[in-house]
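Every chain is numbered from 1 and lettered A, B, ... according to where its sequence line falls, protein lines coming before strand lines.
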Amino acid sequence: MRYWLMKSEPDEASIDDLAHAPQHTLPWTGVRNYQARNFMRDTMQLGDGVLFYHSSCPEPGIAGLAEVSSTAYPDPTQFDAKSPYYDPKSKQEEPRWVLVDVVFKKKTPLVPLAALREHPELAQMRVLAKGNRLSITPVTSEEWRFILKRLM
DNA sequence: GCCAACGTTGGC
DNA sequence: GCCAACGTTGGC
């Protein structure tokens with residue numbers, strides 16, 4: 001059992017979109033970064049905890065909790081020429097990009113990025129590192145517990 | 001809109 | 001294999 005922070009632009013997929021999706025589940029499409037892909041492909045497991053983070057928006061921060069609800073499988077948007085995530089170099093026989101399904105658990109009061117920065121207990125979080133752009137980052141069980149108990 | 005930080009690409 | 005150029009991310 002592991003924990004993750006996954007970024008999403010609320011314009012594309014917000015915690016409310018996840019809550020209202022069929023089966024409260026969305027495929028995590030569009031990851032086009034090898035490190036983030038490798039996390040999904042190699043390390044994520046069914047039932048892993050997810051901090052659902054809103055990025056590139058007026059109030060960036062953790063907006064809710066979710067759970068990994070599938071193992072990794074090929075991201076169909078890589079083969080769709082009309083998709084913004086289309087990758088002409090990816091082949092059907094050898095898909096380059098994968099995704100996992102994520103299921104809604106709960107919406108929480110927003111934990112703003114600035115609030116995360118205030119706590120020394122969270123200083124090592126990848127998402128707080130200067131210049132961090134990785135859309136999926138590991139969260140330790142200590143960080144997870146601290147955020148749920150103290151910040152939500 | 002700005003800009004720092006980062007990842008990727010491609011020429012050599 | 002190096003590295004400059006470029007494109008993207010994402011907070012502010």
Side-chain angles (χ1 to χ4, degrees), chain A residues 2-21 25-44 48-68 70 72-140 142-144 146-148 150-152:
Chain A
R2 296 173 190 267
Y3 303 96
W4 307 92
L5 183 143
M6 298 175 78
K7 293 182 191 172
S8 180
E9 301 188 13
D11 285 350
E12 295 234 345
S14 69
I15 190 74
D16 291 321
D17 294 331
L18 184 62
H20 298 129
T25 297
L26 287 174
W28 205 263
T29 55
V31 169
R32 295 295 179 271
N33 169 284
Y34 290 104
Q35 246 187 300
R37 178 204 65 182
N38 293 348
F39 282 141
M40 291 195 286
R41 191 189 58 188
D42 304 332
T43 321
M44 272 190 184
D48 280 1
V50 174
L51 300 171
F52 193 107
Y53 180 93
H54 286 174
S55 70
S56 292
C57 59
E59 286 189 302
I62 299 166
L65 302 178
E67 206 172 278
V68 174
S70 80
Y73 62 95
D75 180 347
T77 63
Q78 68 195 304
F79 304 120
D80 177 1
K82 295 194 195 93
S83 165
Y85 302 121
Y86 179 57
D87 182 352
K89 290 183 213 157
S90 185
K91 299 198 171 64
Q92 288 278 357
E93 322 82 67
E94 225 182 318
R96 181 179 296 197
W97 305 111
V98 299
L99 54 71
V100 296
D101 290 340
V102 167
V103 64
F104 175 81
K105 299 306 279 186
K106 67 191 279 199
K107 186 174 178 175
T108 65
L110 187 82
V111 181
L113 180 58
L116 296 175
R117 291 194 194 285
E118 286 171 8
H119 298 280
E121 292 89 340
L122 305 178
Q124 300 307 311
M125 285 186 78
R126 279 287 275 291
V127 74
L128 301 182
K130 189 175 183 183
N132 166 74
R133 296 189 317 176
L134 205 52
S135 63
I136 299 176
T137 51
V139 172
T140 67
E142 289 80 9
E143 290 161 350
W144 173 271
F146 184 85
I147 291 168
L148 265 64
R150 299 279 305 279
L151 304 184
M152 286 177 169

| said: For A/Asp75 and A/Arg32: C-alpha separation, side-chain torsions, deciding distance, then whether salt bridge (Lys or Arg N to Asp or Glu O under 4.0 Å) applies. | reply: CA-CA 10 Å; A/Asp75 180 347; A/Arg32 295 295 179 271; 3.1 Å; yes

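Checking each of A/Phe79, A/Tyr85, A/Tyr34 against A/Trp97 for a side chain to side chain contact (heavy atoms under 4.5 Å, CB included) leaves exactly one that passes, namely A/Tyr34. When the options A/Trp144, A/Tyr53, A/Phe52, A/Phe39 are evaluated for a ring pair (Phe, Tyr, Trp, His ring centres under 6.0 Å) with A/Trp4, the one that passes is A/Phe39.
Extent of DNA chain B lying under 4.0 Å from chain A heavy atoms, first and last nucleotide in 5' to 3' order, is B/dA5 to B/dT9.
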May I have the list of side-chain donor-acceptor pairs in residues 104-116 of chain A shorter than 3.5 Å, sequence neighbours left out?
residue, atom, partner, partner atom, Å
A/Lys107, NZ, A/Asp16, OD1, 3.0
A/Lys107, NZ, A/Asp16, OD2, 3.2

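Applying the salt bridge (charged side-chain N to carboxylate O under 4.0 Å, His left out) test to pairs two or more places apart or on separate chains, none has a residue in residues 112-122 of chain A.
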